[in-house]
Protein chains: 2
Amino acid sequence: MSRTAAALIIGNEVLTGKVQERNLAALAKVLFGVGMTLRRVVICPDEEEGIADDLNALRASHDVVFTSGGIGPTHDDVTIAAVARAFGRPQVRSPQLEDLLRNHFGGRLTERHLRMADLPEGFRLLGDEPGRWPAVIVDNVYVLPGLPEVFLMKLPLIRRSLETGSTFVSRAVYTHCDEGEIADLLEHLAVDHPRVGIGSYPVWEGRGYSLKLTFDGREQSEVDAAAEALLAALPAESLANPTLCEDS
Amino acid sequence: MSRTAAALIIGNEVLTGKVQERNLAALAKVLFGVGMTLRRVVICPDEEEGIADDLNALRASHDVVFTSGGIGPTHDDVTIAAVARAFGRPQVRSPQLEDLLRNHFGGRLTERHLRMADLPEGFRLLGDEPGRWPAVIVDNVYVLPGLPEVFLMKLPLIRRSLETGSTFVSRAVYTHCDEGEIADLLEHLAVDHPRVGIGSYPVWEGRGYSLKLTFDGREQSEVDAAAEALLAALPAESLANPTLCEDS
């Protein structure tokens with residue numbers, strides 16, 4: 001069975017449209033690359049109790065959960081408290097994080113800064129580069145900051161921690177087809193190739209193709225067979241150029 | 001009480017990182033602009049039963065729900081069937097949509113295209129510009145296509161349908177502060193101005209400021225009072241230039 005993942009994105013700034021969320025797509029690509037199925041994403045406000053409830057629902061039904069946002073010293077940074085509440089654990093101070101904070105802030109260090117070193121009991125830290133804030137892991141929950149520059153910096157570490165050698169294979173075919181004209185064909189392909197996920201994505205205009213078809217699976221041979229069955233069924237003039245490439 | 005909204009974003013392509021989701025931020029801005037609180041967003045796969053379950057949970061606990069994606073003629077377009085299932089209603093053919101499809105596709109029209117005119121019983125259509133696909137509404141659920149160009153086209157209509165004269169007011173203050181240094185001050189402001197939502201957003205670098213503080217509320221006077229209390233408490237050198245502006 002495929003390992004499953006969920007993400008909980010925390011932040012009023014996303015729900016009010018103040019910022020364009022940017023972490024999810026990068027995380028999704030990493031998970032796809034290590035063969036993990038991202039099944040569900042929830043975006044919720046900066047509210048401790050709600051975050052804890054969502055986290056408990058997601059971690060009960062997925063192998064791994066990632067949180068993004070709500071990490072910091074201010075009143076609206078409640079993710080760590082929510083994770084502690086979800087697990088029913090007290091917070092304990094991490095000496096490693098306390099050192100990081102003391103070195104970074106020096107004489108400007110406040111009690112509020114120091115609270116960022118308090119983590120739910122049983123935490124693990126991922127990454128120990130000098131001066132870099134590590135990713136925090138509590139059981140099957142990865143707790144990540146929302147600031148995209150910092151979130152993205154953590155992804156290579158996370159990718160390595162999740163790699164098992166299993167991965168997904170993906171192929172895309174670019175066509176000039178209309179969805180309605182090939183919908184029956186696609187349905188037959190989906191039935192004939194049950195272990196391949198077939199996606200159909202029309203584009204608006206101006207990309208040199210009108211419909212992108214994607215084939216995702218665990219086995220290269222199965223993905224190739226489905227993509228080639230499509231190619232064999234379509235007339236040459238309905239294929240865009242380039243037609244078949246590794247999906248990106 | 002504020003009217004509440006939720007969004008259900010449907011699509012394997014978002015969960016596998018194939019596309020960067022772009023509809024949510026635009027929808028969130030529209031809702032904020034009409035004074036509606038977007039409380040929750042769920043991103044889920046193209047699976048009819050799961051979509052129906054999510055939709056029922058969201059519509060039971062929010063005034064309005066928006067769906068994005070899964071509209072079209074192919075096997076992975078299951079949103080309409082899921083909405084019908086959620087409401088426990090059959091699908092009926094819309095003569096207006098059938099006309100649109102017949103005019104658009106002419107001799108190339110297939111039975112698959114025509115199925116796009118089948119909607120859950122009790123549907124309403126929003127928008128009747130000739131040749132343009134309208135937004136579909138079923139009770140308190142707005143069913144929108146995922147293609148960003150089409151989704152964004154529907155937003156002016158949706159804004160008008162939701163306007164009640166009530167709105168949110170938002171102000172932003174740009175500073176050179178560090179979050180830890182002013183966390184106590186922000187907490188006091190949050191207590192003193194309970195009807196104003198105060199957000200604190202550090203940026204990575206290179207923007208001419210290090211910390212953006214936002215003040216959201218229903219009343220201009222309350223939002224201004226909170227922002228001005230912050231300005232009065234900070235030394236002049238910690239303010240960026242420009243300091244105070246309407247949030248965008």
Side-chain angles (χ1 to χ4, degrees), chain A residues 9 12-22 24-32 37-45 72-77 105 108-110 112-113 116 147-150 168 170 178-184 186-187 190 197-204 214 216 247, chain B residues 9 12-22 24-32 37-45 72-77 105 108-110 112-113 116 147-150 168 170 178-184 186-187 190 197-204 214 216 247:
Chain A
I9 294 170
N12 296 342
E13 71 276 24
V14 177
L15 293 170
T16 53
K18 287 195 179 70
V19 305
Q20 162 73 53
E21 203 288 322
R22 292 200 282 139
L24 174 62
L27 174 66
K29 276 188 191 179
V30 165
L31 296 176
F32 191 80
T37 304
L38 180 61
R39 291 277 309 161
R40 186 173 187 77
V41 179
V42 174
I43 308 179
C44 70
T74 57
H75 66 288
D76 57 348
D77 294 314
F105 288 104
R108 293 165 52 231
L109 187 82
T110 67
R112 287 289 199 146
H113 287 127
M116 292 174 65
L147 201 60
E149 291 83 352
V150 185
F168 285 121
S170 187
D178 170 86
E179 274 197 310
E181 292 170 347
I182 63 164
D184 284 329
L186 293 179
E187 186 147 324
I198 303 178
S200 171
Y201 307 110
V203 295
W204 188 238
T214 64
D216 296 347
D247 194 27
Chain B
I9 294 171
N12 295 343
E13 71 277 23
V14 177
L15 293 170
T16 53
K18 287 195 180 69
V19 305
Q20 162 73 52
E21 204 287 323
R22 292 200 281 139
L24 174 62
L27 174 66
K29 276 188 192 180
V30 165
L31 296 176
F32 191 80
T37 304
L38 180 60
R39 291 278 309 161
R40 187 173 187 77
V41 178
V42 174
I43 308 179
C44 70
T74 58
H75 65 289
D76 56 348
D77 293 314
F105 289 103
R108 292 165 51 231
L109 187 81
T110 67
R112 287 289 199 146
H113 287 128
M116 292 174 64
L147 202 61
E149 292 83 352
V150 185
F168 285 121
S170 187
D178 170 85
E179 275 198 310
E181 292 170 347
I182 63 164
D184 284 330
L186 293 179
E187 186 147 323
I198 303 178
S200 170
Y201 306 110
V203 294
W204 188 236
T214 63
D216 297 346
D247 193 28

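The sequence lines fix the lettering, A, B, ..., with proteins before strands; numbering per chain opens at 1.
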Checklist entry - What residues, two or more places apart in sequence or in another chain, satisfy salt bridge (charged side-chain N to carboxylate O under 4.0 Å, His left out) together with A/Glu13? => result none
Checklist entry - Of all residues at least two apart in sequence or in a different chain, which pass the salt bridge (charged side-chain N to carboxylate O under 4.0 Å, His left out) check with A/Arg39? => result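 For A/Arg39 the salt bridge (charged side-chain N to carboxylate O under 4.0 Å, His left out) partners, ignoring immediate neighbours, are B/Glu47.
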[X] [atom1] to [Y] [atom2] distance, which is reported to the nearest 0.5 Å:
X	Y	atom1	atom2	result
A/Asp76	B/Glu179	CG	CD	7.0 Å
A/Arg108	B/Asp178	CZ	CG	5.5 Å
B/Glu187	A/Arg112	CD	CZ	4.5 Å
A/Glu181	B/Leu109	CD	CG	10.0 Å
A/His75	B/Leu186	NE2	CG	6.0 Å
B/Tyr201	A/Asn12	OH	CG	5.5 Å

Heavy-atom cut-off 4.5 Å, strictly under: side chain, backbone, both or neither for [X] against chain A?
X	result
B/Val203	backbone
B/Thr110	side chain
B/Asp77	side chain
B/Phe168	neither
B/Ile198	both

Considering all heavy atoms, the nearest [X]-[Y] contact:
X	Y	result
B/Lys29	A/Gly17	CE-O, 3.1 Å
A/Gly180	B/His113	CA-NE2, 3.2 Å
B/Pro202	A/Leu147	O-CD1, 3.0 Å

Next on the checklist: With side-chain contact (heavy atoms from CB on, under 4.5 Å) as the criterion, how do B/Leu24 and A/Glu21 come out once you've worked through the C-alpha distance, each side chain's angles and the decisive distance to 0.1 Å?
Outcome noted: CA-CA 9 Å; B/Leu24 174 62; A/Glu21 203 288 322; 5.6 Å; no
Checklist entry - side chain to side chain contact (heavy atoms under 4.5 Å, CB included) with A/Leu38: which of B/Ile43, B/Leu15, B/Thr16? => result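 Answer after filtering B/Ile43, B/Leu15, B/Thr16: B/Leu15.
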Item to check | For chain B, the option from A/Pro45, A/Pro73, A/Gly199 that forms the most heavy-atom pairs under 4.5 Å | outcome: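 The residue among A/Pro45, A/Pro73, A/Gly199 with the greatest pair count is A/Pro73.
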